[in-house]
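For the single chain, residues carry numbers from 1 onward in sequence order. Order of appearance sets the numbers: ligands from 1, and atoms from 1 within every ligand. Side-chain atoms are counted along with the backbone in the values below, which use heavy atoms only and exclude waters and symmetry mates.
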Amino acid sequence: MRTEEARPVRLEDYRPPDWLVETAELDVSLHPAASRVRAAITLRPNGNGAPAPLVLDGEALNLVSLKLDGVALPPDQFVATPNRLTITQPPQRRFRLDIETVIDPSANTQLSGLYRSGAIYCTQCEAEGFRRITYFPDRPDVMAVYTTRIEAEKGEAPVLLANGNLVASGNVPGTTRHFAVWHDPFPKPSYLFALVGGELACVEDRLRTMSGCEVTLRIYVEPGKEQRCLYAMDSLKRAMRWDEAAFGREYDLDIFMIVAVSNFNMGAMENKGLNIFNDKYILASPETATDNDFERIEAIVAHEYFHNWTGNRITCRDWFQLCLKEGLTVFRDEEFSADQRSRAVERIGDVRGLRTHQFVEDAGPLAHPVRPAVYREINNFYTATVYEKGAEVVRMLKVLLGPENFRKGMDLYFIRHDGQAATVEQFVQCFADVASADLTQFMLWYSQAGTPEVVATGSYDAAAKTYRLDLAQTIPATPGQPSKAPMVIPLAVGLVGRDGRDLPLKLVNGRTIEHGVVTLTKPAESLLFADVHEPPVASLNRGFSAPIKLSTNLSSDDLRFLAAHDADAFNRWEALQTLATRLLVDNTAALRANGAAREDRGLLDALGATLNDGQLEPAFVALALTIPGEADIAREIGRDVDPDAVFAARTALRAALGKHLAAPLFDHYHRLTESGPYRPDAAGAGRRALRNTCLDLLAAAGRPEAVSIAARQYQAADNMTDRMAALSTLSLCDVPQRAAALEDFYSRYADDPLIVDKWLTLQATIPEPATLDRVKALTEHRAFSFANPNRVRSLIHAFALANQKEFNRADGRGYDFIVDTVLALDPKNPQLAARLVSALRNWRMLEPMRRGRAEAALQRVAAAPSLSPDVDDIVQRALTQD
Ligand code: PHE
Ligand code: ZN
């Protein structure tokens, strides 16, 4: 059962804690079904006198004993329920509590608190999991110094880890048990607490920090998988170096540890000195992981490491400030990846992710500000808006203030707030201070939900040699926010001349444009550029300087011109995407009305020119040839969406592309054949991405040679990237080779759950009517388990999110399947169930028949008895009409 706290929680109700915790000494004796937790905490009133009573958070706890300053507390002086410990008359001074509880880690299927991942004991405390271990003021503004003693059977858990530095270890005399004591000198909130116990192997390395301290680095995994940790270790070292160079941030303990576990609700967790990872984001070798996996591992290892400063040293005052650590840390990991790989390719990837996940969220009933003002279940706010849009807001600060002032602001933030639990206001104030800037209006990015829409209209006056740019912004209504104020929108712009070079930017009124950025602050503004000697093509929102939807009056010719010449690589890609989106939206409408899809020769030629432009990075070309996904097209259409028509329009364009460019696609496929051994670096990954994209488009065009090439590539591949790509291409073709290859794949990798996940996802994403029954059958497969989140996500979330056509079956059976799964999962793992039910959130965008079926499916969830707060919150919001 969950906390029956007074919900909803509101930002405006924030009050500082009445009591602070100075030290927390935990003594955890691990046992599969009954682990004993002895917590000694010293509390002191925060300020002058704390009001009685003292209320500590708990969840599903059993109190064994309770002492105050060493003396057992009489039963009439406290009330203990599973969810709360109330001490009615606490002393109005510093005092010590000794709390003993017993918990059952093996029965913990929620994977929050102390639980078991296979035979390994581990913890997950963010956001409110610590209260499932002991009674505590479980809020991030209570920061304490922790000492953790762990005891376990030597045979069962030879490795015992916790936050901080190891201070003692040894045997428990006269028993088969042993112990370890860890001390973390940095005060931290309870959500960053962690401990691990189990049979684990490790790889070890060292790093000397910029001030000359030696740090031991260890990655712990299931014995036998050590070789698959080397890339993660390499990524960690590069991330540590980068944070020193890019932000002046150094590591601060003697040891940094990562533990990879198989059962984990999220990607990874930044516990101080002891990161715990979903093993999917640690384990990689050329034979088992794709280029994409390597890239994610590098980014997530860096992300969790970067939290040491942005999240741990400076944490969040309350959970409304979640973006303070998450948005900022995503921004930092994106910059790291951009520096390690290709900046343009990284940016395109990030923007694709933002559009696919965050724009959709922002356009539906779950839309919320980057800093929400109210929540009923905080677990439901680990969202694309908090993370990805939160990162965009930090990026805009950099665009607005310039790199020097941005760095100064970050430095000030680290100095001013080190050791504190801070707020978004305090963060932004640092930038206002260093740049003497007024960022009041900018704060709207944190409080107003919805994706701003900017309409840009350009016109050239040949006689006056001026170019006029009219800009207008609107922000759509979102739940609880019917009307909005205009925002600060930094637009990086260029005027591209006939020869492809940027013309100088000069405004008629003498206003200068600093580093090519114009900032829109009013509902509408006009800019008049002077001395424009030829008709330019405007390149707007370069590098996606603001997370907005932009519509322009650029013609198809203008877009093709930008695709070929823009100095900004992002906008070259964007121009092609815009052309493709326009075509796909039109064709979806045409197909829905039983008309014919039109062909856009200009677009096909522009894509062909991109393919044959020898100057471009292969990774960039691969992205250019990847046309917008079904969910992106649906979002662009916005209402009355027929997913079958969207699919048909997209399939037709892919086929046309493969047909029109068949000769160069074959050429590039053969030209890009690698000779040397596989290396997961960005350049090699880019060549493989382009080669595999060529093959996929040829198969989409129905070329029989493509199928045989794919079948051959599948067999001959010496790495998982090429093998998976070939299998994925085959899986989209209804050919006999498909079943054979899928069967072969399973028999090769049946013992490797992370690879079997790829196999599950492939089968769940085949866009054909048989898929739903195949997915249902796979839930009975011995490789599948509802208890492991990676399995569930690979099969079921993949079906609901990455197979728009079959999930949105006209007969509604896709929705019914998801609802049945949600209801079965909810009692066991509410966080996982809540994420799954979110797949139905944008039901109002659908055409009437599907809309009705999806709504009925959501109503069926809503009507179920005893939903978790997690699922209940999502369903209530999804169904509310604002
Ligand atoms: N804080 C983690 C991260 O972003 C994500 C997470 C949240 C993990 C909640 C577990 C639970 O790095
Ligand atoms: Zn994070």
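- W309 is linked by a ring-ring contact (aromatic ring centres under 6.0 Å, His included) to F414, counting only residues two or more places apart in sequence or in another chain.
- Taking backbone and side chain together, E304 holds no N, O or S atom under 2.8 Å from the Zn ion (ligand 2).
- The Zn ion (ligand 2) is closest to atom NE2 of H303 (considering only N, O or S atoms).
- For E204, the CD atom is densely surrounded, since the number of other residues' heavy atoms within 6.0 Å is greater than 12.
- Take R835 and apply the salt bridge (Lys or Arg N to Asp or Glu O under 4.0 Å) test, not counting sequence neighbours, and it matches no residue.
- Closer than 4.0 angstrom to ligand 1 sit non-hydrogen atoms from Q124, E126, M266, A268, M269, E270, H303, E304, H307, K325, E326, Y382, Y387.
- For the salt bridge (Lys or Arg N to Asp or Glu O under 4.0 Å) test, no residue two or more places apart in sequence or in another chain qualifies with R10.
- Here the closest non-hydrogen pair linking Q321 and C316 is O-SG, 3.4 Å.
- For the residue pair E250 / T209, a side-chain donor-acceptor distance below 3.5 Å is found, with atom types taken as modelled.
- Nearest to the Zn ion (ligand 2), among the N, O or S atoms that E326 has, is OE1.
- Nearest approach of H368 to V386, heavy atoms of both residues: NE2-CG2, 4.1 Å.
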